2 protein chains.
Amino acid sequence: MAPATSARPPGRPRAGVHAAVFAATLSTVQELGYARATVERIAAAAGIAKTTVYRRWPSKGDLIVDCLLDAFGPVPLEGRSRAEIMSTAIHWIAAKIGEPGVGDAFAGVFSDAVSDPALREILATRFQDPYRLALQDALGEPENRVLFFIDVAVGSLLHRMGMTGEPMADADVVALVEMILPAFR
Amino acid sequence: MAPATSARPPGRPRAGVHAAVFAATLSTVQELGYARATVERIAAAAGIAKTTVYRRWPSKGDLIVDCLLDAFGPVPLEGRSRAEIMSTAIHWIAAKIGEPGVGDAFAGVFSDAVSDPALREILATRFQDPYRLALQDALGEPENRVLFFIDVAVGSLLHRMGMTGEPMADADVVALVEMILPAFR
DNA sequence: GTGTTTCGCTACCCTAGGTTTCGATACCGA
DNA sequence: TCGGTATCGAAACCTAGGGTAGCGAAACAC
C-alpha cells in the first residue's frame, strides 16, 4: 500500500530558502531602491548564490510577485456593511504599501510590467485576480466595478508613492476612502 | 548699436531635430513598447545618430518628459464652475493617455522614476508642477488638495493602462469624474 | 580658404537580467 | 562504506541598453 505522502525523492534535498529570500528582497529594496536591488545583491543578502534564486523563480518579476504575495497575505474582509469592508480593504492596502520595502517593490514591479506583457500577465493573474475575486465575493459587485475600485485605490496610492517616494499620509487615505465609498453606495 | 537678437554664433548651426525626434519617440514606443523603444531605435527612426540625441537631452528620461510635454501641451481649463473645469481636465488627460504611444511613454517613464530619484525630480518638477500650478490657480484649491486630485485621476488611469495595456474606457472615465467631483464640492 | 561648431560613425564602458558549466556537497539505500 | 542522484555555490559567459569618447566630415560666417 503506497504511503499517503510519496517517499522523498532521491538526491540532495532542496534548501528551504523562500523565507530568507523574501526577507532579503524587501530589505534590499528598502535599502537600495528597486532598480539597484539586483538579483545578485538579493541573493547575497540571503546568503545564497544567484543561480539558486533562478532555480526557484524564472525571473526577477516572478520573485517580486511571490515576495509581495507573501508580504500581503489575504485581504481582511471584515465589516458587516459593504462600506466597512471597502474602508477596511483600502486602509489595509495603504498600510501594506507603507511597509518598508513593500511599496517600492510593488511600484517597481508594476513599472516593469508596463513594458513587459509577460510580467503584466503574471501580475494580473497571480497578484490582482485573487484579491479581485475575494472582493467580488465579499461586495457582490460585478467584475468591472471591482476592477475600477482597484484601479482607483491602488492607482492613487502608487502614484503618490511613485511621485514622492513616500507612501500616502493617513489623512489622504481617509480622504480617498471618503471619495470612493459614495460611488459604490 | 547691438541688434536686439545677438548675431548667430559661429560654427555649424544645430539641426532642428526636436519635432522629428518627438514623432519618432511616440511612434517607436507605440510600435515596440516602452522598454524596447531604445534611444538608438528612436534616433534611427528620426534619421539621426544616437549621439545627436544625447547632445540634446542628457538622458532618456529627459527626452521622454520633453516628448510628453510636447504631446500634452497646456491643460484646457475651460468651464465656468470648478466642476466643469475638473471634468474637462480629467477627460482631457484620459484622452491624451489614450493617444497612440502617449500612454505607454507616460507609464514607462513613470515606472522608471520609481527607482530613479533624479528622474522622479525631473518628472515632478518639469511635468507635474506646471499642471499643478495651473490647477491650483484655476480651482482655488491648496497644493495638497490638487496633488491629491492628480494622484487619483492620473493614478487610476495609469493603473488601468499598466494592468491591461489598454487605456480606460470612456464609461469608466465618466465614473471616475463622478467619483472625484463630489469630493471637491 | 580659415575658424568654429555640429554632425554621423564607431568603438567602448558599465550595469543588470539571465544562462551555462562544473566541481563540491547532502541525502538515500545497499 | 560506497554508489546514485539531485542540489548547491562559484565563476565565466551572453545579450541588451544607457551613456560616453574620439575622430573625420560637413555646414556655416568672414
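Protein chains get the first letters and strands the later ones, always in sequence-line order, with residue 1 at the start of each. Because the structure is predicted, anything quoted here is derived from the model rather than measured.
Rounded to 10 degrees, the angle separating the terminal helix axes of the helix from C:dG1-D:dC30 to C:dA30-D:dT1, each built from five base pairs, is 10°.
Closest to the B:A49 side chain, of the nucleotides C:dG8, C:dC7, D:dG9, is C:dG8.
DNA chain C is contacted by both B:G47 and B:P10; B:P10 maps to the nucleotide lying nearer its 5′ end (nearest heavy atom per residue).
Under 4.0 Å is where a charged nitrogen must lie from a carboxylate oxygen, and between A:D62 and A:R126 at least one such pair does.
Looking at B:D104 and B:M161, their side chains come closer than 4.5 Å, going by heavy atoms from C-beta outward.
A straight line from CG of A:D116 to C1' of D:dA16 spans 14 Å, rounded to a whole angstrom. If you measure from atom CG of B:L63 to atom P of D:dG17, you get 16 Å, rounded to the nearest angstrom.
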Summarise protein proximity over nucleotides 12-24 of chain C in one line of letters, 5' to 3': B for base, S for sugar-phosphate only, - for none, counting protein heavy atoms closer than 4.0 Å. ----SSBBB----
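Atom CD of A:E84 sits in a crowded spot, with more than 12 heavy atoms from other residues, nucleotides or ligands closer than 6.0 Å. By the neighbour-count criterion of 12 heavy atoms within 6.0 Å, atom CG of B:N144 is densely surrounded, having more than that number from other residues, nucleotides or ligands. Within 6.0 Å of CG on B:D129 lie more than 12 heavy atoms contributed by other residues, nucleotides or ligands.
The aromatic rings of A:F72 and A:F127 sit perpendicular to each other, their planes meeting at more than 60°, with 30° as the lower class boundary.
Side chain of B:T125 to main chain of B:I122: no donor-acceptor pair is present (N/O by atom type, distance under 3.5 Å, no hydrogens or angles).
Contacts of residues 13-22 of chain A with DNA chain D (heavy atom under 4.0 Å): A:R14, A:A15.
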